[in-house]
Amino acid sequence: MINKTEVDSEENTGSKNISHKHGPRIKTDSPVPGNSVIFNREYPIPEELLKSLRYEYLRRELWVPLELRGGKIVVIVDNPNNILKRDIIENILKTKAVEYVSATKQDIWKFIEYFYDVGEPEDENITSGETKIGKIPGVSEADLSVVKLVNDAISEAYDKRASDIHIEPDSQDKIVNIRFRIDGECIPYKTFPYEYKAAIVSRIKIMANLDITEKRLPQDGKIKYKVPGADEIELRVATLPTHGYVEDVVLRLLTRGKIMTLDELRMPPNVHTLFKSQLTKPYGLILLVGPTGSGKTTTAHAALQVINKPNVKIWTAEDPVEITQQGIRQLQIHHKIGLDFAAAMRSFLRADPDVIMVGEMRDYETAKMGIEASTTGHLVMSTLHTNNAPETIVRLLDMGIDPFAFADSLLCVLAQRLVRRLCVKCKEAYQPSAQEYAELAHHYGEKAFAALNIKNDGDFKLYRTKGCTECNNMGYRGRIGLFELLIASDNIKQMIISRKSIAALRKTAMTEGMETLLQCGVSKVIAGETDLMEVLSVCIR
């Protein structure tokens with residue numbers, strides 16, 4: 001069996017001293033130049049010739065070395081007369097001493113599957129309505145190579161600042177893809193032989209204390225893992241059955257204990273000042289909104305850090321508890337046993353709180369209790385999955401929330417997004433074209449942009465990606481936040497009571513000084529922190 005985890009290039013050593021572990025060549029089976037080769041398991045595996053060749057590459061390009069005979073490497077190929085392919089093969093093998101023999105596409109694939117010890121699932125045996133899936137022999141979850149593979153993936157993901165690890169067996173290409181989500185983008189990490197698919201999943205299930213025999217249903221769990229040279233981290237594990245009788249695994253790296261301050265969030269100065277002033281209010285409702293992965297939890301804990309004092313009792317209900325703070329009492333939600341956000345809110349109100357932070361207002365009951373708590377002397381903070389600040393108000397009203405109580409309790413709504421930051425080591429300045437300048441003005445708003453008094457002359461520069469070793473040649477490193485803060489002024493409160501539209505709320509809020517997410521993004525582009533493509537990828541308007 002070939003260990004493909006060590007195969008990273010498409011080059012071959014070209015060694016002529018090759019020994020076969022499967023015994024000597026049976027001369028009657030040797031191919032004759034010019035004849036076609038038919039798949040036969042009697043051929044020994046040419047391990048030395050395959051050492052530096054990738055399984056997926058050979059499958060895609062339809063060729064594979066068969067043996068070394070008479071000082072020449074015998075290669076089976078779908079079309080021996082293809083001069084271009086022959087040149088590529090000889091370049092990869094680093095020798096002109098190659099003998100080409102034809103074979104059908106199916107037979108070439110069979111040889112590759114056989115050489116790399118990759119089997120196909122057994123046929124489905126349907127008995128009494130059940131489907132029995134055969135297990136591929138070979139690698140097991142206890143093998144040291146699999147243990148090292150999983151450990152290395154977790155450690156490297158941590159070193160590369162990845163937020164998630166995606167393990168994706170591909171039943172069509174017969175490989176196992178592993179990707180890291182870094183700065184919001186899924187980046188390929190490595191590919192492994194298809195035979196590893198079950199072993200990798202079983203190994204992770206064992207680490208997360210999940211049922212390794214259950215392959216038909218999704219499972220969730222957690223792993224505590226000690227990164228060499230770093231602190232212990234926690235990973236949230238989700239397994240999902242996917243097409244081809246395989247399972248995908250997604251591991252979320254939870255960055256415990258890392259609390260950013262409001263200053264480190266780099267909000268626009270006016271947003272920072274206004275938002276911080278709302279945190280000093282004795283009671284009321286503060287909403288943090290945005291899609292999953294937009295940094296709401298980070299902002300919430302940065303805000304709680306401002307008000308986390310010895311004389312303040314703070315309760316939080318989170319799912320999961322990703323960031324911990326000393327002095328704050330944090331409750332983990334467990335939906336399976338009935339401990340949801342609404343149940344947590346009911347308990348908090350009997351636990352003498354000053355400040356309550358609810359992970360999410362996802363239903364009417366939780367929202368209603370949060371608003372009631374904020375009108376009875378508590379400062380309540382919560383998150384919602386809405387696109388922008390004005391939409392949040394309409395969404396809660398559509399839930400059936402009493403507009404009078406809502407208007408009375410609301411302090412502010414902070415919407416946010418995360419965009420990739422241009423690598424500070426390699427970003428390069430350039431003079432924008434007239435079209436790019438006009439596009440900036442269009443997205444910011446013609447009148448508002450004109451008020452900025454930015455002229456497209458020789459002094460005005462934008463920045464773009466270049467790529468260096470510091471950013472893995474991506475051109476981006478890290479992320480920055482875009483923020484939209486709607487303050488519940490008297491005018492906004494009257495509009496809530498009157499159930500005004502999203503457009504009307506936005507217009508009034510902007511008149512009162514609210515900078516939209518898109519405007520904040522354009523400001524970051526002008527400041528050279530990101531580019532317009534990144535901003536438009538997360539902001540609609």
Legend entry - Closest non-hydrogen atom pair between F115 and P44, with its separation: CE2-O, 4.1 Å
Legend entry - Residues D183, R161: salt bridge by 4.0 Å N-O rule: yes
Legend entry - No-hydrogen, no-angle side-chain donor-acceptor test under 3.5 Å, D211 and Q219: no
Inset, instruction - Decide yes or no for R464 and E428: does some side-chain heavy atom of the first lie under 4.5 Å from some side-chain heavy atom of the second? - result: yes
Legend entry - Side-chain ion pair, R69 and E99, N-O less than 4.0 Å: yes
Inset, instruction - For residues T530 and V535, determine if any side-chain heavy atom of one lies less than 4.5 Å from a side-chain heavy atom of the other. - result: yes
Inset, instruction - State which residue, out of I112, I108, V64, I175, fulfils the side chain to side chain contact (heavy atoms under 4.5 Å, CB included) condition with R59. - result: I112
Inset, instruction - Might you work through the ring pair (Phe, Tyr, Trp, His ring centres under 6.0 Å) test for F192 and Y55, ending with a clear yes or no? - result: CA-CA 9 Å; F192 295 94; Y55 164 85; over 10 Å; no
Inset, instruction - Using a strict 4.0 Å threshold on nitrogen-to-oxygen distance, state whether R421 and E534 make a salt bridge. - result: no
Legend entry - Ring centroid separation F111 to Y43 under 6.0 Å: yes
Inset, instruction - Taking all non-hydrogen atoms of both residues into account, name the closest pair between R417 and L517 and its distance. - result: NH1-CD1, 3.7 Å
Inset, instruction - For side chain to side chain donor-acceptor pair (under 3.5 Å), just list the numbers for Q431 and N456, CA-CA rounded to whole Å, side-chain angles, deciding distance to a tenth of an Å, and then say yes or no. - result: CA-CA 8 Å; Q431 178 72 37; N456 190 20; 3.0 Å; yes
Legend entry - Q519 side-chain N/O to Y444 backbone N/O, donor-acceptor pair under 3.5 Å: yes
Inset, instruction - Go through the side-chain N and O atoms of N177 and T191 and say whether any donor and acceptor fall under 3.5 Å apart. - result: no
Legend entry - Any donor-acceptor pair under 3.5 Å from E232 side chain to K226 backbone: no
Inset, instruction - Flag the pair K296 and E360 as a salt bridge only when some basic side-chain nitrogen lies within less than 4.0 angstrom of an acidic carboxylate oxygen. - result: no
Legend entry - Heavy-atom side-chain proximity of I73 to T95 below 4.5 angstrom: yes
Inset, instruction - Would you check if Y476 and C471 make a side-chain contact, meaning some heavy-atom pair closer than 4.5 Å? - result: no
Legend entry - Test item: side-chain donor near acceptor, Q416 and T299, under 3.5 Å: yes
Legend entry - E156 side chain near N151 side chain, heavy-atom distance below 4.5 Å: no
Legend entry - Between CG on residue L422 and CD on residue E529, distance to nearest 0.5 Å: 9.0 Å
Legend entry - NZ (K461) with more than 12 external heavy atoms under 6.0 Å: yes
Inset, instruction - Search all heavy atoms of V250 against all heavy atoms of D164 and return the closest pair with its distance. - result: CG1-OD2, 4.3 Å
Inset, instruction - Please check if atom CD in Q106 has more than 12 non-hydrogen atoms from other residues, nucleotides or ligands closer than 6.0 Å. - result: yes
Inset, instruction - Consider only side-chain N and O atoms of D107 and T104, and report whether a donor and an acceptor are under 3.5 Å apart. - result: yes
Inset, instruction - Let me know which of L384, T383, L414 forms a side chain to side chain contact (heavy atoms under 4.5 Å, CB included) with V289. - result: L384
Inset, instruction - Before accepting this row, confirm whether a basic side-chain N of the pair E90/K96 lies closer than 4.0 Å to the acidic partner's carboxylate O. - result: yes
Legend entry - Exceeds 12 heavy-atom contacts within 6.0 angstrom, atom CG of D457: yes
Legend entry - Whether over 12 other heavy atoms sit under 6.0 Å from K148 NZ: no
Inset, instruction - Return yes if some donor-acceptor pair links the side-chain N/O of Y100 with the main-chain N/O of V74 below 3.5 Å, else return no. - result: no
Legend entry - Side-chain heavy-atom pair L254, I233 within 4.5 angstrom cut-off: no
Legend entry - Close side-chain approach of Y189 and I182, heavy atoms under 4.5 Å: no
Legend entry - Validation row: N472, K160 side chains within 4.5 angstrom (heavy atoms): yes
Legend entry - Ring centers of Y437, F449 separated by less than 6.0 Å: yes
Legend entry - Atom CD of Q435: over 12 foreign heavy atoms under 6.0 Å: no
Inset, instruction - Look up atom CG in L144 and atom CG in L149, then write down how far apart they are to the nearest 0.5 Å. - result: 12.0 Å
Legend entry - Shortest non-hydrogen contact from I323 toward Q330: O-NE2, 2.7 Å
Inset, instruction - Of all the heavy-atom pairs spanning C468 and K425, show the shortest one and how long it is. - result: SG-CB, 4.1 Å
Inset, instruction - Could you tell me whether E61 and K85 make a salt bridge, using a distance below 4.0 angstrom between a side-chain N and a carboxylate O? - result: no
Inset, instruction - Would you indicate whether I83, at its atom CD1, is surrounded by more than 12 heavy atoms from other residues, nucleotides or ligands within a distance under 6.0 Å? - result: yes
Inset, instruction - Locate the shortest heavy-atom distance separating S171 from H243; write the atom from each residue and the value. - result: OG-O, 3.6 Å
